Amino acid sequence: MGGRSTFRQGTFEATGLKSASADAAMSVDALQYVPDKTKALAEVARVLRPGGRFAFVAFELDPERVAGLGLWDDPVPDYRPYLESVGFEIVRYEQIPNWSEQVAGGFGAVLEERDVLEAELGEAAAAAIVMEAAVTIEISPYCGHVLAITTRT
């Protein structure tokens, strides 16, 4: 694949890619952290060719539960209106089965193993992960975990 792929660094809102230069894009559990979802989704639409696919998995957030926390600047309880507003047709949008139990189990394990994480990742990285785990378990910010598949119109 070395001759067929390249890697570049950018942000959701400014990828640095040419317009209509990609056939597909994907994101896994990152979109919920983007400061401005509309700008990010508009950028994905811009770089995709007409008919291009955008697939993602992301958490939907309850805006009331995360108000004032700063960890989630632009909480979205449903991505569909955002997607449609920037030119995506929704092909599939569904909740991931048992997502709530998976979140509780995963973040619970993070809290139980904080010493191991610190030894492996260092104090600063472990502290960030542990903080997110503690906040997530305490306030239950998520109201869904979705798989979405879209087509750029």
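Keep in mind the model is a prediction, meaning the values are calculated, not measured. Keep in mind that the numbers below use all heavy atoms, side chains included, and drop hydrogens, waters and symmetry copies.
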Checklist line | Spacing of W99 atom CH2 and E60 atom CD [to the nearest 0.5 Å] | finding: 8.5 Å
Next item on the list: Show which residues join V28 in its hydrophobic cluster (side-chain heavy-atom contacts under 4.5 Å, direct or indirect), or state none.
Entry: M26
Check: Taking C-beta and beyond as the side chain, do D74 and P35 meet within less than 4.5 Å on heavy atoms?
Finding: no
Next item on the list: Name all pairs fulfilling the salt bridge (charged side-chain N to carboxylate O under 4.0 Å, His left out) condition that reach into residues 76-101, sequence neighbours left out, sorted by first residue then second.
Entry: D78-R80, R92-E94
Checklist line | Test side chain to side chain contact (heavy atoms under 4.5 Å, CB included) applied to L111 - qualifying residues, sequence neighbours left out | finding: R114, V130, A133, A134, I137
Notebook entry, point to check: Tell me the salt bridge (charged side-chain N to carboxylate O under 4.0 Å, His left out) pairs involving residues 125-153, sequence neighbours left out?
Noted result: none
Next item on the list: List for me each residue that meets salt bridge (Lys or Arg N to Asp or Glu O under 4.0 Å) alongside R53, sequence neighbours excluded, and say none if there are none.
Entry: none
Check: Do any pairs count as a side-chain hydrogen bond (donor to acceptor under 3.5 Å, both in side chains) and have a residue in residues 35-44, sequence neighbours left out, and if so which ones?
Finding: T15-E43, E43-R46
Note to self: Using the side chain to side chain contact (heavy atoms under 4.5 Å, CB included) criterion, which residues pair with D115? Sequence neighbours excluded.
What the structure shows: none
Next item on the list: Group every Ile, Leu, Val, Met, Phe, Trp and Tyr by side-chain heavy-atom contacts under 4.5 Å, then state whether L69 and Y33 land in the same group.
Entry: yes
Margin query: Could you work out, with salt bridge (Lys or Arg N to Asp or Glu O under 4.0 Å) as the rule, every residue matching R65, not counting sequence neighbours?
Written below: D62
Check: Is there any salt bridge (charged side-chain N to carboxylate O under 4.0 Å, His left out) pair reaching into residues 7-35, and which pairs are they, with sequence neighbours excluded?
Finding: D23-R49
Note to self: Can you list, by chain and residue number, the hydrophobic cluster partners of V47 when the side-chain cut-off is 4.5 Å?
What the structure shows: L17
Can you give me every donor-acceptor pair (side chain of residues 119-129, partner residue at least two apart or in another chain, under 3.5 Å) with its distance?
none

Check: Apart from L48 itself, what residues make up its hydrophobic cluster, given side-chain heavy atom links below 4.5 Å?
Finding: F12, L31, V34, L41, V44, F54, F56, V76, Y79, Y82, L83, V86, F88, I90, Y93, V146
Next item on the list: Could you go through the side-chain contact (heavy atoms from CB on, under 4.5 Å) check for Y142 and W72 one step at a time?
Entry: CA-CA 11 Å; Y142 305 127; W72 299 283; 3.8 Å; yes
